[in-house]
Amino acid sequence: MRHGDASVRRPIGVFDSGIGGLTVVSALRSLLPNENINYLGDTARVPYGGKSQPTVERYSLEIAAMLLAENAKTIVVACNTASALALPRLQETLSVPIMGVVFPGAQAAVSATRNGCIGVIGTRATINSGAYERAIRSISTEVRVTSHACPLLVPLIEEGWLNDDITDQMIHHYLDPLLSEGIDTLVLGCTHYPLLRPAFARILGPEISLVDSAQNCASAVRDLLLRENLQTSSNTDGVLEVALTDPPDNFLQVARDALQLDVGEIQLREVAHGTVK
Ligand code: DGL
């Protein structure tokens with residue numbers, strides 16, 4: 001069944017704990033240029049990466065509800081921590097299709113590996129949740145997964161230290177143990193990490209395939225819209241609206257420059273507590 005035109009002009013709602021999810025928006029804009037996108041970053045409560053599951057679930061439900069109040073036709077959880085900890089709650093609670101970043105990343109990693117050894121990096125909450133291991137094992141039981149939390153990479157990226165000796169040392173510190181395990185594929189399991197892609201590629205070399213959750217999530221959203229008949233029929237450029245729950249800091253400029261993304265005027269929203277539809 002084809003939904004009415006008004007329905008398919010509804011925006012794709014995208015949320016993240018903060019600004020890092022703009023990496024997913026950038027990939028969505030490239031792949032689905034005619035779709036309207038409403039992005040909501042929970043900058044008032046970032047980071048989610050060290051918080052407990054009940055807290056991440058509550059925050060995610062509140063932010064997603066705000067996007068639904070803006071008539072979002074689907075919700076993209078452009079945050080690895082929220083995808084790892086809150087996706088089941090979001091799926092059982094919300095009335096629109098939900099897409100996270102973990103499963104698309106897991107699928108891409110299984111396709112990319114040649115020797116069956118996959119490394120995953122992310123926030124402490126993402127890694128401790130075991131969500132990537134579960135997703136990868138649900139696709140293939142033949143692969144071995146080694147994971148490592150990299151809590152210091154997010155602040156370095158937010159400071160804009162994308163090409164810096166200290167960042168390189170930190171990458172070595174976190175990734176050398178994974179390399180010793182013989183991984184040939186690395187999942188960048190945090191929204192911020194695609195901004196460090198050039199540094200990862202330079203340090204790890206061409207033998208290690210980098211799986212970027214932003215690009216794979218965007219492809220999965222395209223497939224979801226097609227499957228649900230929710231893709232826009234418009235041929236004009238989609239509109240991107242970016243809202244945050246607290247005024248932006250320096251990281252917005254870092255992300256905007258690195259992604260070459262025009263985010264327009266940033267709007268501020270107050271978190272609507274406890275309103276889940
Ligand atoms: N957006 C988070 C993620 O992708 C990173 C920042 C945070 O800890 O909230 O896991």
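For the numbers below, each heavy atom of this structure counts, side chains included, while hydrogens, waters and symmetry mates do not. All ligand and atom numbering here is 1-based and tracks the order in the structure.
- Heavy atoms of Asn80 found under 4.0 angstrom from ligand 1 belong to the backbone as well as the side chain.
- Side-chain contact between Pro151 and Tyr174: present, with at least one pair of heavy atoms (C-beta onward) separated by less than 4.5 Å.
- Protein heavy atom in closest approach to atom 8 (O) of ligand 1: Gly49 N, 2.8 Å.
- Any N or O atom pair closer than 3.5 Å counts here, and Asp16 shares at least one such pair with ligand 1.
- The nearest heavy-atom contact from the protein to atom 5 (C) of ligand 1 is Cys190 SG, 3.6 Å.
- Counting the atoms of ligand 1 from 1 in the order shown, those under 4.0 Å from a heavy atom of Thr191 are 1 (N), 2 (C), 3 (C), 4 (O).
- Of the protein's non-hydrogen atoms, Thr81 OG1, 2.6 Å is the one closest to atom 10 (O) of ligand 1.
- A salt bridge does not link Asp246 to Arg45: none of the charged side-chain nitrogens sits closer than 4.0 Å to a carboxylate oxygen.
- In this model, a donor atom of one side chain and an acceptor atom of the other lie less than 3.5 Å apart for Arg9 and Thr232.
- Annotation: the span from Leu195 atom CG to Phe200 atom CZ amounts to 10.0 Å, rounded to 0.5 Å.
- Under 3.5 Å, the side chains of Asp42 and Tyr48 contain a donor-acceptor pair of N or O atoms.
- Listed by number with element, the atoms of ligand 1 under 4.0 Å from a non-hydrogen atom of Val46 are 9 (O).
- The Ser17 neighbourhood of ligand 1 comprises atoms 1 (N), 2 (C), 6 (C), 7 (C), 9 (O), with distances under 4.0 Å to a heavy atom of that residue.
- Remark: Glu35 does not engage Arg222 in a salt bridge, criterion side-chain N to carboxylate O under 4.0 Å.
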